[in-house]
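In what follows, a structure is listed as structure tokens, so that the remarks can point back to it.
The residues of the chain are indexed from 1 along the displayed sequence.
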Amino acid sequence: MKVNRTLQIASYIVILVLIALYVIPLFLVLNTSVKTVEEFNLSPNALATSIHLGNFVKAWQLGNFEKYFLNSLLYTSVATVLTVLLSLFAAFPLARGYVKWSSAIYLFFLLSIFLPNPMVPQFKMIQWMHLYNNPIGYMILKTTGTGIVFMMFVGYIKSISRDLDEAAGMDGCGYGRFLFSIVFPLMKPVVATGITLTAIQTWNDIIGPTIYLSNEKYAPVTKGLFSFYGQYTNQWPLLACGIMIIVLPLIILYLFVQRYLVDGALAGAVKS
């Protein structure tokens, strides 16, 4: 009984530490975002004495977020949808073993996750395809660079009963209809996780657009953060506002999919 009590206390301590690691940085950014530049320079870590919401308006204008926002929305939406669809069509036959050497192919995908970032071959490939400085090329890279979603789909599909396949085949259900009418609805929790991971990776990407999209009109929303850096001074309160502006759509996305994420965690906990 005493051991259980100790484990419970230790669990609460670990949870509080993890919450602090996530909440404290977010609070510091929010606290900085509502300060004036003078107030921040006098005491960067002190609590804000007054709230200046006008900083967000200035940051929106200075960072040209209105110009970049639609670009990021397009890249994130297309990459997320294509990643989910391609992962579904690739994962199902591998998970069921309907293709030859499915285990070897799965092992190949597994090993590819641990390989270094293939930035140089990807750059050469984009140039060879004449897609450099082209949003299509960038979105293709973001679609093919999320193998972890495919791995999650394979693992989840293996937990779905094969009896559904046989029943659908006996009823004359087509392959595409079977995937989208039966399998896909059963995968809502893991699909929500895949959407979240892909959206975060694409929306927050700042290195990829810098390399593959040199044209200013194709720049994503993260490009606006460079506007707050100067040669001699940095506008930290406005930079904090810019970070909050970029993070807000991801928070909204999480609010929409959190129910499915929780359902997925609970489902995984009771599956045999």
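Within the cation-pi definition used here (under 6.0 Å to the ring centroid, within 45° of the axis), Lys223 does not qualify as a partner of Phe69.
For Phe89 and Phe180, the gap between ring centers is short of 6.0 Å. Aromatic rings from Phe92 and Phe184 are positioned such that their centres are separated by 6.0 Å or more. Two rings, from Tyr212 and Tyr218, have their centers 6.0 Å or more apart.
Around the CD atom of Gln127, the shell of radius 6.0 Å holds more than 12 heavy atoms that belong to other residues, nucleotides or ligands.
Criterion: ILVMFWY side-chain heavy atoms under 4.5 Å apart, direct or through other members. Under it, Trp60 and Val57 are not part of a common hydrophobic cluster. Leu26 and Leu16 end up in different hydrophobic clusters when Ile, Leu, Val, Met, Phe, Trp and Tyr side chains are linked at under 4.5 Å. Residues Phe123 and Met129 share a hydrophobic cluster, clusters being chains of Ile/Leu/Val/Met/Phe/Trp/Tyr side chains in contact below 4.5 Å.
For Val84 against Val191, the heavy-atom pair with the smallest separation is CG1-CG1, 4.2 Å. Annotation for Ser87 and Phe150: closest pair OG-N, 3.7 Å, computed over non-hydrogen atoms. Closest approach of Ser33 and Cys241 over heavy atoms only: O-SG, 3.1 Å. The minimum heavy-atom distance between Ile136 and Asn134, with the atom names listed, is N-OD1, 2.9 Å.
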